[in-house]
Every structure is written in structure tokens, then in C-alpha cells.
Amino acid sequence: MTTTTQTDDTDWGPFGRPLFDDPQAKALARVGVLDVGSNSVRMVVFDGAARSPAYFYNEKVMCALGAGLRETGRLNPTGRARALAAIRRFAALAESMDAPLTAVATAAVREAEDGDEFSREVLEKAGVKLHIIDGREEARLSAQGVLLGWPGSFGMVCDIGGSSMELADIKDGKVGHRLTSPLGPLRLKGFTSKRDLKAHVKEIMQGMHAEMDYETGMRLFLVGGSWRAIARIDMERRGYPLTVQHEYRMTARNVSTTADYIGSANLDDLRSRCGISSERMALVPIAIHVLKELVKTFRPKDIAVSSYGIREGLLYEQMPQELRDRDPLIEASRYAESKDARLPGFGKVLYDFVTPLFPNANWQKLRIIKAACLLHDVTWRAHPDYRDEVAFDNATRANLGGLKHEERVLLGLSLFHRYSSKRQGSRLEPLFALLDEQQIREAEILGRAMRLGAMLWLKAEGNPGQFIWKPKKRELELVLNAETEPLWGEVSEARYNSLAKAMDAVSATVRILPKQS
């Protein structure tokens with residue numbers, strides 16, 4: 001089998017040609033980012049398709065550098081020693097992985113009177129140059145992290161760290177007005193009176209609202225570990241079946257109800273059930289109050305949790321604009337196909353083959369169909385008895401940007417039906433509840449169409465034939481090219497009939513074109 005390289009953008013219709021082989025994209029194939037925050041020190045090494053990178057390595061240490069900063073004006077001594085040890089370890093790891101390392105320090109280091117001294121110590125003892133960024137730059141990078149996952153998004157990004165909270169407007173793929181504030185939960189721990197804490201948060205929040213270029217009813221994107229912990233607790237409270245936090249949606253009512261839930265819960269028990277660290281859980285009761293005030297003040301139409309933030313923003317900073325403009329879901333799916341499929345390039349052929357079955361699909365649905373076709377064969381190494389579930393897990397739990405939760409499940413269920421005709425009784429059944437009946441039916445049709453198409457492949461650039469679907473008459477016809485005729489047999493006919501049944505077709509015919517002379 002040979003891999004074909006697409007060179008003409010028009011060959012890919014609305015999706016363009018793959019860019020992960022581009023020299024500028026290859027330069028981002030493995031990049032390390034070190035984030036020295038007020039609460040944690042984390043290193044991420046990105047690898048893979050640069051537009052939607054995989055997390056080759058991801059480790060954090062909860063150092064609490066900013067603990068006590070409000071009272072002492074200095075970095076926490078214990079946290080400082082732990083942070084230095086962590087940075088030395090991360091620097092050695094990045095070197096061994098041949099990953100260029102970019103290091104940034106945020107609120108605690110920039111505000112502490114010994115922040116510059118600590119930065120010099122890190123350079124001397126770990127060989128790492130810390131870039132101490134101001135609050136507005138922190139807000140910009142966090143917002144760019146959101147744009148990595150949601151190209152062209154609009155709304156407001158709120159990034160909460162240990163010692164600060166930043167806001168940034170995003171519109172048409174660009175970062176606008178930015179603000180920083182001292183509303184990080186580590187800094188707010190110094191308040192002993194709940195009344196004083198509430199008054200303090202409210203005053204600062206109202207001042208930020210007056211300065212931000214934000215229209216009521218826009219989307220709010222939440223970035224930061226404390227927000228993700230609250231989202232995980234909201235999932236637990238609701239009995240939500242999918243624990244992927246990226247693109248998890250909440251409403252103002254969810255936030256208020258979850259605040260009451262946290263207030264009445266045994267925090268140790270809740271921490272254990274949700275898998276949250278004790279250091280993080282200690283900040284949640286403060287962070288949920290900040291979030292309640294944020295939602296009350298800005299009144300967003302909905303709230304989306306982002307797993308992408310400042311670290312991903314630093315990667316986005318290095319991307320050429322052509323790469324930034326690409327769909328992260330499609331780029332990641334293409335990369336997976338090129339790396340893991342038996343016949344790289346056949347995903348495009350399969351996409352052209354199945355799309356006539358969805359004549360009314362909008363661009364959002366077409367991108368899910370495209371992703372499914374690119375991913376249809378990447379789990380072929382799994383045991384045949386488990387390929388359906390492995391394919392589903394690969395789609396729903398993978399680090400894919402630009403996917404709502406229901407779209408994750410729709411994509412996963414389509415791939416499930418690529419390998420299996422029966423979904424009832426699967427351990428995955430609770431997740432199907434995120435879809436309505438029409439979505440479930442469409443996923444089954446797509447899966448069965450891919451299952452049939454996979455039997456008719458000859459080569460990556462081949463053309464097995466085409467579907468003709470007349471939805472009003474409910475008539476389905478499969479027109480096969482002459483070179484595909486030897487591949488047509490009992491099994492492929494059974495799969496075609498299975499597809500016709502899923503579509504409620506009243507007739508399903510097959511026509512084989514004559515050989516060209």
C-alpha cells in the first residue's frame with residue numbers, strides 16, 4: 001500500500017489539503033511549555049498534528065508559590081523550593097525528549113518582591129529562562145488557547161489562577177480587550193469573614209464589568225484548574241455520563257445549584273468521588289463564590305469549560321495563520337489516519353462515497369462525517385470483539401478540539417456502527433442519552449455506510465462507486481464501478497441491505513457500470 005500526498009486544496013473541497021507535513025507545522029511537532037503559576041508548576045510537551053496537538057507528556061506539581069503572598073509580599077518558601085525542584089526535573093525531561101522548552105511565570109512571581117530573585121535562581125540552577133508575563137499578556141495567551149480549540153469563537157474568556165483572574169474578549173478569531181484582577185482563590189484565602197469576601201469580590205467584578213467590551217448574552221469560556229474542578233463537581237451532581245471536561249457546558253442555574261451542593265457537601269468525600277486533589281479542593285469553596293459573582297455580573301448565554309489555556313496559547317502563538325485557520329478536529333483526524341490507518345488517504349474516498357446519503361447536512365454535520373471517515377480505520381489493531389467500543393472511546397475521550405459533547409458521542413457512535421450493527425446492551429449505552437433519536441439514527445446510517453464502503457476499497461485514490469438516494473421516494477441505489485464488481489459478494493450485499501433498513505428505504509438496488517473500452 002502506498003500513501004498519497006494531496007497537493008491541491010480543491011481536491012479536499014471545504015477542508016483543504018493536510019498541513020501537518022508543512023515545514024512550519026513540522027517545526028511544532030514537539031514543543032515543551034512550562035507554566036509556573038501561583039498554585040502549580042506544570043510542563044506539557046505537545047506532539048503530533050500541530051493544529052490539534054497530542055499531549056506527549058503532561059505533569060504538574062502543586063507548589064502553592066503564591067500561598068501567603070497577600071500577607072508577606074513574598075513567595076511561599078516551601079513552595080519556592082518545591083517549584084525549583086520541579087523545574088529542574090522538567091528541564092531535564094524536556095532535554096531528553098528533544099522538546100524546545102518555553103517557560104512563563106505568572107501572577108505570584110511577577111508580584112512577589114523576591115520574584116526576580118527566584119527567576120535568576122531558576123536560570124542558574126535549572127538552566128531555564130523564565131519569562132515573567134504581566135496580567136494582560138496572561139489573559140491574551142489564555143484566550144489564544146481557547147482559540148486553538150474554537151477557531152473563530154466569540155465571547156469572553158475567564159482564566160483563574162491561584163493569585164489572579166484574567167478576562168479577555170475574543171471575536172472573529174482575535175483577542176480584544178484584556179483585564180487582570182487579584183481574584184485568585186489563593187489570594188482570597190486571607191479573608192476570614194464571608195461578608196467581607198463577598199463585598200470584595202463584588203466590588204472588583206463590577207469594576208471589571210464596567211471596563212470590559214462584553215455584551216450580555218455572549219458565551220463565557222472558563223480556563224483554569226479551579227474552574228475545571230467545579231465543572232467536575234457539577235458533572236458528579238448531575239450524574240453526567242461523560243467526564244471529558246473540554247467543551248462541557250453549564251448554565252447560570254447549574255452554577256448556583258452546584259454552589260449550594262458544594263456548600264452542603266463533605267468536601268473530603270466529594271474530592272474522592274470526583275478525583276480532585278486535596279490542594280485543589282481547598283480552593284473550590286472560594287472559587288465557586290467568584291464564579292457565582294462572575295455569572296451574576298456578566299450574565300452569559302452559556303458557559304463552556306476549556307481545557308486549553310495559557311500553555312496551548314503559547315503553542316498557538318507560534319503557528320502560521322494558515323494553520324490557525326484550520327479546523328482542529330479535521331487536522332487531528334487526518335493526522336490519526338496518516339499515522340494509524342491501513343490505507344491512508346481512503347478517508348477522503350469514503351467521505352465522497354457516503355455524503356450523498358446526507359443531502360441536507362449543514363457544514364457542522366459535514367465536518368463530523370469527514371472526521372468519522374478519516375478515523376474509520378485507525379483502531380483496526382484492536383481485538384475484533386472490541387473494535388466497536390475502542391473506536392467509540394477513541395472518538396469520545398481523545399483530545400480533540402472543536403467538538404461539543406453531543407458531537408463527540410455522535411462521532412463515537414458512528415464509528416461504533418462502523419464495526420457493529422447492535423448498540424443495545426453496550427456498556428456505552430448511558431452515553432447515547434446525550435443524543436436525540438434523529439442523531440442516533442444518523443450515526444447508525446453513517447456507520448453502516450462506512451462499514452459497506454470499507455469492503456469496497458482498492459486503493460487510496462480509488463472510486464468504488466456512488467450512492468443515489470431519493471429521500472422523498474425513499475429509494476436507494478448503489479452504482480458500482482466495473483473495477484469494484486469483483487468485490488461485491490454476499491457479505492457486502494448483506495451490509496448494503498442493513499444500511500437500507502436503517503434508512504427505511506422502500507427499495508435498494510445495485511447497478512454495476514460496464515467496463516470502459
Side-chain angles (χ1 to χ4, degrees), residues 1 48 54-55 240-244 329 332-347 349-351 353-354 357 368-400 403 405-435 437 439-460 464 478 484 487-503:
M1 296 178 188
Y55 291 79
Y240 192 75
L242 184 64
T243 55
V244 173
L329 171 63
S333 300
R334 279 179 175 150
Y335 183 75
E337 184 199 39
S338 72
K339 184 169 61 74
D340 295 325
R342 286 173 291 183
L343 195 65
F346 186 69
V349 175
L350 192 57
Y351 172 76
F353 181 66
V354 303
L357 301 178
I368 302 301
I369 295 171
K370 177 76 170 183
C373 291
L374 291 167
L375 296 172
H376 88 101
D377 192 47
V378 301
T379 53
W380 66 271
R381 288 185 177 87
H383 190 282
D385 292 348
Y386 298 100
R387 276 186 195 143
D388 50 2
E389 294 188 354
V390 171
F392 183 93
D393 285 339
N394 185 55
T396 55
R397 304 182 192 281
N399 184 57
L400 297 172
L403 270 181
H405 277 201
E406 72 228 37
E407 291 174 329
R408 281 182 179 271
V409 179
L410 179 63
L411 176 60
L413 186 55
S414 301
L415 292 166
F416 181 93
H417 279 299
R418 154 68 177 89
Y419 290 106
S420 175
S421 59
K422 182 183 177 183
R423 63 181 174 273
Q424 289 77 15
S426 166
R427 67 173 176 84
L428 305 168
E429 206 162 359
L431 290 165
F432 303 157
L434 295 181
L435 304 179
E437 286 301 317
Q439 289 172 314
I440 290 174
R441 180 173 177 272
E442 289 175 347
E444 182 175 355
I445 290 170
L446 175 56
R448 292 190 183 205
M450 291 191 297
R451 187 170 172 81
L452 172 61
M455 293 198 71
L456 305 177
W457 53 287
L458 287 169
K459 47 194 173 183
L478 175 59
T484 310
L487 302 177
W488 188 255
E490 291 183 13
V491 177
S492 50
E493 184 176 5
R495 291 186 178 180
Y496 179 52
N497 290 335
S498 175
L499 169 64
K501 182 179 178 181
M503 297 181 69

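- Annotation for Arg418 and Asp377: closest pair NH2-OD1, 4.1 Å, computed over non-hydrogen atoms.
- Note that CZ of Arg408 and CZ of Phe392 are 11.0 Å apart. Values are rounded to the nearest 0.5 Å.
- Taking CD of Glu407 as the start and CG of Leu435 as the end, the distance is 10.5 Å to the nearest 0.5 Å.
- Note that OH of Tyr496 is 10.0 Å distant from CD of Glu493, once rounded to the nearest 0.5 Å.
- Defined by atom type and a distance below 3.5 Å, a donor-acceptor pair is missing between the side-chain atoms of Arg451 and His417.
- A side-chain donor-acceptor contact under 3.5 Å links Ser498 and Arg448.
- Residues Thr396 and Val244 fail the side-chain proximity criterion, which asks for heavy atoms closer than 4.5 Å.
- Taking each heavy atom of Ser414 and Leu446 in turn, the nearest pair found is OG-CD2, 3.5 Å.
- Annotation for Tyr386: atom OH does not count as buried by contact number, only 12 or fewer foreign heavy atoms lying within 6.0 Å.
- Proximity of Ile445 to Arg441: side-chain heavy atoms (C-beta onward) are separated by under 4.5 Å at one or more points.
- At a threshold of 4.0 Å, the pair Asp393-Arg427 counts as salt-bridged, since one of the basic side-chain nitrogens sits closer than that to a carboxylate oxygen.
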**Item:** Derivation and outcome, side chain to side chain contact (heavy atoms under 4.5 Å, CB included), residues Glu337 and Leu375
**Value:** CA-CA 6 Å; Glu337 184 199 39; Leu375 296 172; over 6 Å; no
Run the side-chain donor-acceptor check on residues 378-385: report pairs under 3.5 Å with partners two or more places apart or on a different chain.
{"unit_1": "Trp380", "atom_1": "NE1", "unit_2": "Asp340", "atom_2": "O", "d": "2.8"}
{"unit_1": "His383", "atom_1": "ND1", "unit_2": "Asp385", "atom_2": "N", "d": "3.0"}

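- Note that OG of Ser492 is 8.0 Å distant from CG of Leu487, once rounded to the nearest 0.5 Å.
- Closest non-hydrogen pair, Pro464 versus Val349, comes out as CD-CG1, 3.6 Å.
- Under the 4.5 Å side-chain criterion, counting only non-hydrogen atoms from C-beta, Leu329 is in contact with Ile368.
- Screening Leu350, Val354, Leu478 for a side-chain contact (heavy atoms from CB on, under 4.5 Å) involving Leu452 leaves a single residue, Leu478.
- Closest heavy-atom contact between Leu434 and Gln439: O-OE1, 4.3 Å.
- Annotation for Phe416 and Ser426: closest pair CE1-OG, 4.1 Å, computed over non-hydrogen atoms.
- Atom CG of residue Leu415 and atom NE2 of residue His376 lie 9.5 Å apart, to the nearest 0.5 angstrom.
- Nearest heavy atoms, Ile369 versus Tyr351: CG2-CD1, 3.9 Å.
- Distance check, rounded to the nearest 0.5 Å: OG of Ser333 to CG of Leu374 gives 5.5 Å.
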**Prompt:** Given Leu499 and Met503, is the side chain to side chain contact (heavy atoms under 4.5 Å, CB included) satisfied, shown in steps?
**Reply:** CA-CA 6 Å; Leu499 169 64; Met503 297 181 69; 3.9 Å; yes
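- Ring geometry, His405 versus Tyr240: the interplanar angle falls from 30° to 60°, so the pair is classed tilted.
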**Message:** Would Glu429 and Arg423 count as a side chain to side chain contact (heavy atoms under 4.5 Å, CB included) here? Give the steps.
**Reply:** CA-CA 7 Å; Glu429 206 162 359; Arg423 63 181 174 273; over 6 Å; no
